[in-house]
Each structure stands twice: as C-alpha cells, then as structure tokens.
2 protein chains.
Amino acid sequence: MTTSTRDRIIDSAASLIAERGFKRTSVDDVIARAELSGKSHFYHYFRSKDELGLEVLGRQFEGFAERGLAILREPMIEPLERLHLFIDSLVALQTERGFRIGSPFGNLASEMADMHEGFRERLTTVFDRWAKQLQALLWEMRPSLADDVDSARLSRFIIATLEGALMMSKVNRDAEMLRGIAADLKRFVGTHVREGVSST
Amino acid sequence: MTTSTRDRIIDSAASLIAERGFKRTSVDDVIARAELSGKSHFYHYFRSKDELGLEVLGRQFEGFAERGLAILREPMIEPLERLHLFIDSLVALQTERGFRIGSPFGNLASEMADMHEGFRERLTTVFDRWAKQLQALLWEMRPSLADDVDSARLSRFIIATLEGALMMSKVNRDAEMLRGIAADLKRFVGTHVREGVSST
DNA sequence: TGCACTTAGGACCACACGGTCCTATGATCC
DNA sequence: GGATCATAGGACCGTGTGGTCCTAAGTGCA
C-alpha cells in the first residue's frame, strides 16, 4: 500500500491551503490536485469541506510539533541556544518562502477563528501545546533565570511576537525587519537571565 | 446635507468588514445596511467591491491615526507614560469588544495581503505610519534611553508584539493572556531605559 | 459466490456573488 | 427648459461553489 487516498487528499489540501488559504481552496481544486475521479470520490472520504479543514489543521500542527518544535527538545543543545535556533528556523523558513506564508497558524487563526467554533477551539489547543513546549524549555533554564520569571507568560509573549512578526513580514516582505524583531526577541529573553550565571 | 451617500456606504462597509472580514461581506450586505435602493445605486459610487475595500482600509487607518494613535502625541504626558497608555488602550478596546476584532489591520493583512497587490501596498504604508509615530515618541525619550537603542527596530517590535497579542487573544478569548503580554512589552521597553535617569 | 469497499464518471442542484443593463422619477443648477 | 446627477427598482447573467445522486466497474476477502 502506498499512501492511502485519504492521506493523499489531506496532503493535497494542505499544500493548497498553505498557498491560498482555506476559503479560496475549493473542493474541486483538491480533487484536481489529488487526482480523484470526481466529487463523489472526495465525499466518499469526507463529509464536508469543513471536516477536511479540521483534519488538515490537525495534521499541520502534528507536523509542526514533530518537526518545527523538535529543536526545542533537542537534549544535546543548551536550552537558550535551542530557543535561538528555533527562532532562527522560523525566520529562515519565512525568508525561503518569500514571505508568503505568515505563520502556519496565524493565517488560519484570523481566517477561521470567527467563522467556525470548531476551528477556533482547535487553534487554542495548537497554541497551548506550542506554549507548553516553550514553558518546558524555560523550566530547564530555571537555574539561570531570574526568580520572578513567569514562564507561562513569557512563552505566550514569545509566540505572540513571532506570530506578529511573521504576519508583518508577509505584508512588508522585508527580511531585515523580520530579523530585527527576532534579534530583539532574543534580547528580551536574555534580560530574564540572571547575571553572573554562565550557561555551560 | 447630512452625511453623503458615499460616506454612508463606506461606514456601512467598514462596520460589516470589522464584523466578518472583507471576503465575507457581500455587496448586497453593504447595500442593505446602507439602505441603498439597489445594485446600480451602489455601482453609481464605486466601480467595484475592491475599490470600496481600498477606500475603507484608508478611512480605517485615518481613524486609527487620528483617534487611536492620538495619545502617542499628547504633549502634556510623558513619552513613556504615553506609550503605556497607548498599549493599555488597545488592550481595553479588545477586551470591550469581546476579543472579536483582533487588530483592525492584522485581520485585513492576513486576509488581503496575498490576494491583491493594492491592498498589500496600502497595508505597508499603514504599518509604516504607525511605526513612524512610535519612532517619534522614542525620539522624544532619547535622553533617557540607552545609546544603542534602534528606534526604528524597536517600534517594529512593539507593533509586531501587539498585533500578535491581539490575534492570539482573538483565538483564546483570554483577557489575562493579553494583559500579560502587554505588561511584558512595557517591561521590554523599560529595559532600554538607562538606569539612573528619572523620567520627570 | 457474494458482500463490502474503492475507484470512476458524470449529471445535476441551489445558492451566493460580483457585476451589467435598462427604465423611470425627482432634484439641482445653468 | 434642458442637462446632469441622485435615487429607485428590478431583471438578468456568468461563474464558482459546496453538495447530492446515480450508475457501473474493479478488487479483495470470507
């Protein structure tokens, strides 16, 4: 068995949604890219377009959690360094793709959050899990962090700034601006590190 | 002469777009809310829906620049205090509106930036002008800021974080999170203030 | 052999949407 | 009084879209 048809549909839809957003991706587009025989073939696997959207969103985050966030868990690299690498990886990805993407979720967030309650809930868990990963990393850094650091809050801050930066870079198409914000973000995290504590 | 019909159309469209986004606002919706007699009445004033969208975006920012950003220019208040009040005003606005709005521009950015080059360009100038206002404020603070502060960069950072925070609060509907990010943002700006320089 | 699932393919529907066109009635102003 | 603009109202169209329905052929499994 190669990839199942269902997976093929999801992959096709995912790439289309990444390119043009959810609303502007039609079922017919998906059928064409997945090389299905027709509508009935599609509706054999999904009850509605929304169901497909939810599934794609889920997979999208699985991928992000496994690949994108993986570096946050890398045990052989120091926590702070890992965070820096993670930030850099997002910047690099966005730059590579010509600033077309924004964030995988930021886009979907604005697009879907208010149209469909199911989407919104899914998105909250996405951000929650992302925040949890960052919190875990900050927890590891604990010995070198100032005592009053609220890691839950700081992790939200990091995500918000990254999302905002990606969104703005999508509008501005400016690599420099994106790098600047990323650098400032690192700097901000740095201000939470206690002085006189070396990291290695 | 009360408000002209053209203005009435723009106002109606603006409120609809704020509620549901541009794509999900149909010309018929606008006609209904503006109480026009029909399609031809609308097309008497606008050549297309896109032309209307551009106009609304323009007005939206005029309003934001005049009212929302006004506090940044308030001469009787200290610069840093002004910045704090500005941040608080965005938080308050978003909270009042039940986290439905996000940012007036962040929404449009994700929605329109990749669909229409004209929209994207307009959005860049919007963010540029916003950034300029913040830069002017930071310039006023200059005496009390550290020497290496890059005000252009910092102003972009502030905007990105605010936009990201508003977007996330739209997904999470969490007032606490929004306040936390706002507080951290103030704190970050604070780290650029030279020590031993009192502000008044 | 027979059942269940998958692929194939096409006809069809209802609806929303942006946009055009045409006619007719007031109002305003030179 | 004629030209121009604003309001009124409705018919109409092309297109894209999500979704239904129906038929038929192939495939694997018990």
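Note on naming: letters A, B, ... go to the chains in the order of the sequence lines (proteins, then strands), and numbering restarts at 1 for each one. Note that the coordinates shown come from a computational prediction; the quantities given were computed from them, not determined experimentally.
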Might you work through the side chain to side chain contact (heavy atoms under 4.5 Å, CB included) test for A:F188 and A:L154, ending with a clear yes or no?
-> CA-CA 10 Å; A:F188 179 56; A:L154 181 54; 3.8 Å; yes
In whole Å, I'd like the distance from the [atom1] atom of [X] to the [atom2] atom of [N].
X: B:D28; N: C:dC15; atom1: CG; atom2: C1'; result: 12 Å
X: A:H41; N: D:dT23; atom1: NE2; atom2: C1'; result: 16 Å
X: A:R6; N: C:dC5; atom1: CZ; atom2: C1'; result: 15 Å
X: B:Y43; N: C:dT20; atom1: OH; atom2: P; result: 7 Å
X: B:F46; N: C:dG19; atom1: CZ; atom2: P; result: 13 Å
X: B:R8; N: D:dA6; atom1: CZ; atom2: P; result: 13 Å
X: B:H44; N: C:dG19; atom1: NE2; atom2: C1'; result: 17 Å
X: A:I31; N: D:dT17; atom1: CD1; atom2: C1'; result: 11 Å

Whichever of A:R24 and B:E35 has the more 5' nearest nucleotide on DNA chain D, that residue is B:E35
Decide if atom CD of B:E19 counts as having more than 12 heavy atoms of other residues, nucleotides or ligands within a radius under 6.0 Å.
-> yes
Decide yes or no, distance alone: a donor-acceptor N/O pair under 3.5 angstrom between the base of D:dG9 and the side-chain of B:K39.
-> no
On a plain distance test, is the side chain of B:K49 in donor-acceptor contact with the base of C:dG18 below 3.5 Å?
-> no
B:S169 and B:N172: side chain donor to acceptor below 3.5 Å | no
Are A:T161 and B:T161 linked by a side-chain donor-acceptor pair shorter than 3.5 Å?
-> yes
Compare every heavy atom of B:Y45 with every heavy atom of B:E51, then report the nearest pair and how far apart it is.
-> OE2-O, 4.2 Å
Under 4.0 Å between any heavy atoms, over every strand shown, what does [X] touch: base, sugar-phosphate, or nothing? Just pick one.
X: B:F42; value: nothing
X: B:S40; value: base
X: B:Y45; value: sugar-phosphate

Answer yes or no: does a side-chain N or O of B:S37 lie under 4.0 Å from OP1 or OP2 of D:dG9?
-> no
